[in-house]
Amino acid sequence: MDQRSPPARPLRRQLDSIILHFDYDCFYAAVFESETPEFRSLPLAVQQKQIIVTCNYEARRRGLSKLQLIKDAKKVCPDVVIVLGEDLTRFRNASKHLYAFLTSFSWNNRAERLGFDEVFMDVSDMIEYNAGLLNPNDLANSYFCLSKNDPTAGFAYDASQVAGHTYPESSTDISGASPDAQRLQMHLRLASHLAKHLRQQLESEKGYTCTVGVSTNKLLSKLVGNVHKPDSQTTLLPPYTTDDDEFDNVASFLDGHEIGKIPGIGFKIAQKLRAHVLQRVPKIDAGLVYGGTKEVVLVGHVRRHPGIGPETLERILEGPGTPHGIGGKIWGLLNGCDDTEVGLAREVPKQISIEDSYTRLNTLGEVVKELRLLSESLLKRMHADLLEEEEDVETTEHVTATDKIGKRWVAYPKTIRLSTRPRLPQNPDGSRNRSFARISRSAPMPNFVFNLKESIELLSSRLVSESLIPLFRKLHPEKSGWNLSLVNIAATNMVDTASEKGGAGRDISKMFKRQDEVLKQWRVEEGNESAEMDEDGMEAYPSRQASAMRESSRGGSEDVPTPSQEDSVGNDGKWESEDEDAMNEGDTFMCEQCGAAMPIYAMAAHSRWHIQG
DNA sequence: ATGTTTTAG
DNA sequence: GCTTCTAAAACAT
């Protein structure tokens with residue numbers, strides 16, 4: 001559970017898990033190709049501001065590349081088709097759709113999205129099960145079951161061979177190796193066939209090609225996938241021994257990688273590692289701000305460096321802000337060990353943010369205009385990602401205005417944050433230093449943004465004047481003199497509301513009954529002055545629900561998340577003015593049946609509680 | 001709880 | 001004259 005084990009973690013590779021890593025080929029371009037199939041045969045590039053963020057393989061064949069300036073791209077390839085990709089909505093939607101498709105094959109729901117275009121899947125259970133089904137005397141005619149219940153769901157395959165590419169290209173003979181090693185080899189082989197099947201399904205059903213890596217942990221499956229791309233897959237073959245470098249495919253595979261290529265080793269850590277093995281400050285590649293170095297230091301160089309080990313690494317890397325135990329973690333990565341689990345499928349994001357960048361933004365008027373645009377996008381995103389159809393028709397027919405709208409909030413953000421990236425003032429010599437540092441201020445999310453009856457335009461304009469402008473003044477107290485290169489607004493501090501859908505295949509109906517009993521206890525107490533939820537009452541109902549409810553009970557009303565604004569006064573006192581009307585005017589609503597006060601997003605759940613109880 | 005840093009795609 | 005637009009996690013306060 002707790003992944004941070006103190007300095008010395010044992011150097012153990014997990015050999016019992018099988019992890020697939022999917023990476024959709026040039027994803028942004030593929031989304032446009034999916035919408036407009038004619039693009040498939042043309043050189044296609046996706047533009048954001050002044051650069052190409054990605055391009056299809058036809059464009060790459062003609063010399064285009066990621067993060068290239070538009071004008072350079074046009075020089076290299078004048079007939080390139082350029083599409084604008086600053087609005088990420090279509091990519092986000094496609095990503096969710098493909099993720100849902102892949103997840104539908106999972107038995108354990110351990111499928112984790114990384115960005116829009118990558119998915120890790122822990123398929124250990126499917127592999128284990130199918131390994132048990134093999135007939136050792138006729139491996140060539142095997143059948144892979146995709147469902148334990150439905151024996152017709154699956155595909156035929158040849159379990160005597162690996163599907164797709166391998167690293168290394170030809171397999172080493174391990175017929176004399178331990179039973180564990182033989183078992184691992186068979187598991188990886190099965191996984192390669194599963195990967196191939198999933199790739200074929202993704203292409204035939206959804207029209208997307210991808211690149212897959214097959215190994216025993218996230219680190220290795222992700223890295224090995226890169227060996228052959230696009231539209232391809234690579235399996236990291238055993239032996240995965242930990243003790244003998246000469247016969248360890250993991251070590252020989254990793255040793256050739258530049259250290260900065262290892263996921264988890266970013267620019268900062270990589271620089272410190274380079275400095276240590278080179279015994280001097282590594283040069284940075286001018287022109288590129290981040291990610292560029294002329295000094296090539298490989299994993300093997302660091303791993304074999306005299307005196308290296310988790311403790312040394314901890315000492316090299318330590319400093320303000322560096323996580324405790326980083327030395328052990330990096331030592332693990334250099335040795336192919338990564339015990340981080342593939343996360344459970346997440347229903348809602350933890351934060352939603354919208355940003356735009358500018359070459360010049362230095363007047364308050366323009367800032368207000370931009371904040372309005374960003375706020376509208378943010379509220380639209382909140383509606384798209386945090387709202388769910390009220391599928392229960394019986395309750396919909398009862399009472400309340402929120403139910404009539406037919407949607408409810410599955411999660412709500414408690415905090416709004418404004419970030420900017422100021423452009424640095426000019427140096428005496430007229431030049432300008434580049435900085436990508438951001439500064440931010442945050443405040444409670446006002447409840448009115450959850451009102452589904454008001455227009456987005458009105459709500460965002462209110463959000464700008466009542467929350468974002470005050471935050472902006474905190475960030476930039478001076479009237480002028482600043483110039484912003486970026487503005488970001490974010491809805492953070494996300495709290496899930498109790499949901500029928502719940503996470504990850506739990507028995508939600510049972511959970512709801514218990515919750516109702518808790519709520520009844522609370523209601524009985526409600527008439528009293530001492531009507532505060534007490535901890536002991538909660539302890540009778542252990543686990544996730546209890547803590548989730550405890551979390552939301554501080555407002556005094558159970559089903560009802562804390563009204564975030566009323567109790568914390570804005571420092572300037574100004575943006576608080578409409579106190580009198582708050583009850584009727586959009587912030588807080590009162591239940592007609594029991595008189596409980598709550599924000600609008602809580603009403604649907606609250607009325608359902610009345611009906612069921 | 002709020003703000004910053006690092007990493008990642 | 002110019003590097004996009006996000007998301008998560010962990011640290012520091």
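Residue numbers begin at 1 in each chain, while the letters A, B, ... track the order of the sequences.
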Exercise for the section: For the residue pair Phe253(A) and His257(A), categorise the inter-ring angle as parallel (less than 30°), tilted (30 to 60°) or perpendicular (more than 60°). Expected result: perpendicular
Exercise for the section: Classify the nucleic acid contact of Ser442(A) as base, sugar-phosphate or nothing, counting any heavy atom under 4.0 Å across all strands shown. Expected result: sugar-phosphate
Fill in the blank from the handout: From the candidates dT4(B), dC5(C), dC11(C), the one with an atom nearest any side-chain atom of Arg441(A) is dT4(B)
Exercise for the section: Under the side chain to side chain donor-acceptor pair (under 3.5 Å) rule, collect the residues that match up with Glu58(A), sequence neighbours excluded. Expected result: Arg61(A), Arg62(A)
Practice task
Send over the distance from Lys414(A) NZ to dA1(B) C1', rounded to a whole Å.
Solution key: 9 Å
Exercise for the section: Would you kindly compare Asp385(A) and Pro320(A) by the position of their nearest DNA chain C nucleotide and give the one closer to the 5′ end? Expected result: Asp385(A)
Problem - Options dT7(B), dT2(B), dG9(B), nucleotide nearest the side-chain atoms of Lys268(A) - result: dT7(B)
Problem - Contact under 4.0 Å: Arg381(A) side-chain N or O vs dA7(C) OP1/OP2 - result: yes
Practice task
Give a yes or no on whether the ring-centroid distance for His97(A) and Phe101(A) is below 6.0 angstrom.
Solution key: no
Exercise for the section: Look at all strands and tell whether Leu67(A) reaches a base, only sugar-phosphate, or nothing, counting heavy atoms closer than 4.0 Å. Expected result: nothing
Fill in the blank from the handout: Of dT3(C), dT6(C), dA10(C), the nucleotide closest to the side chain of Ile51(A) is dT3(C)
Practice task
May I have the distance from Phe436(A) (atom CZ) to dT6(C) (atom P), rounded to whole angstrom?
Solution key: 17 Å
Practice task
Just call it for Gly85(A): base, sugar-phosphate, or nothing, with non-hydrogen atoms closer than 4.0 Å on any strand.
Solution key: nothing
Practice task
Under 4.0 Å between any heavy atoms, over every strand shown, what does Gly115(A) touch: base, sugar-phosphate, or nothing? Just pick one.
Solution key: nothing
Exercise for the section: Please answer whether the main-chain N or O of Lys229(A) pairs with a side-chain N or O of Ser232(A) as donor and acceptor at a distance below 3.5 Å. Expected result: no
Practice task
Just call it for Arg421(A): base, sugar-phosphate, or nothing, with non-hydrogen atoms closer than 4.0 Å on any strand.
Solution key: nothing
Practice task
Write down the distance between CG (Asn488(A)) and C1' (dG3(B)), rounded to a whole number of angstrom.
Solution key: 13 Å
Completion exercise
note: Phe120(A), atom CZ; dA7(C), atom P; distance rounded to Å ~ 19 Å
Handout entry: Which nucleotide in dC5(C), dG3(B), dG9(B) has an atom nearest any side-chain atom of Glu86(A)
Key = dC5(C)
Completion exercise
From CG of Leu471(A) across to P of dG3(B) the rounded distance in Å is 8 Å
Practice task
Name all residues meeting the salt bridge (charged side-chain N to carboxylate O under 4.0 Å, His left out) criterion together with Lys74(A); count only those two or more places apart in sequence or in a different chain, and write none if there are none.
Solution key: none
Exercise for the section: Output all residues satisfying salt bridge (charged side-chain N to carboxylate O under 4.0 Å, His left out) with Lys272(A), sequence neighbours left out; order by chain, then residue number. Expected result: none
Exercise for the section: Quick one: label Ile262(A) by what it contacts on the DNA or RNA (base, sugar-phosphate, nothing), any heavy atom closer than 4.0 Å. Expected result: sugar-phosphate
Practice task
Look at all strands and tell whether Ile439(A) reaches a base, only sugar-phosphate, or nothing, counting heavy atoms closer than 4.0 Å.
Solution key: sugar-phosphate
Practice task
Taking only the side-chain heavy atoms of Gln48(A) (C-beta and beyond), determine which of dC5(C), dT6(C), dT4(B) contains the nearest atom.
Solution key: dC5(C)
Exercise for the section: Rounded off to whole Å, could you give me the CZ-to-C1' distance for the Arg92(A) and dT4(C) pair? Expected result: 13 Å
Handout entry: Nearest-Å distance for atom pair CG/P, residues Leu424(A) and dT3(C)
Key = 13 Å
Practice task
Indicate, with a heavy-atom threshold strictly under 4.0 Å, whether Leu69(A) touches base, sugar-phosphate, or nothing.
Solution key: nothing
Problem - Parallel, tilted or perpendicular: rings of His21(A) and Phe120(A) (30°, 60°) - result: tilted
Practice task
Can you tell me the distance, in whole Å, between the CE atom of Met494(A) and the P atom of dA7(C)?
Solution key: 9 Å
Handout entry: Closest listed nucleotide, where the reference is the side chain of Lys350(A) and the choices are dA9(C), dT7(B), dT4(C)
Key = dA9(C)
Practice task
Look at Lys49(A) and dC2(C) and indicate whether a side-chain polar atom (N or O) is within less than 4.0 Å of OP1 or OP2.
Solution key: no
Problem - Pairing residues for Arg113(A) by the salt bridge (charged side-chain N to carboxylate O under 4.0 Å, His left out) criterion, not counting sequence neighbours - result: none
Exercise for the section: Pull out every residue in residues 351-363 of chain A that has a heavy atom closer than 4.0 Å to any atom of DNA chain C, ordered by number, or say none. Expected result: Gln351(A), Ile352(A), Ser353(A), Ile354(A), Glu355(A), Asp356(A), Ser357(A), Thr359(A)
Practice task
Under the salt bridge (charged side-chain N to carboxylate O under 4.0 Å, His left out) rule, collect the residues that match up with Glu35(A), sequence neighbours excluded.
Solution key: Arg90(A)
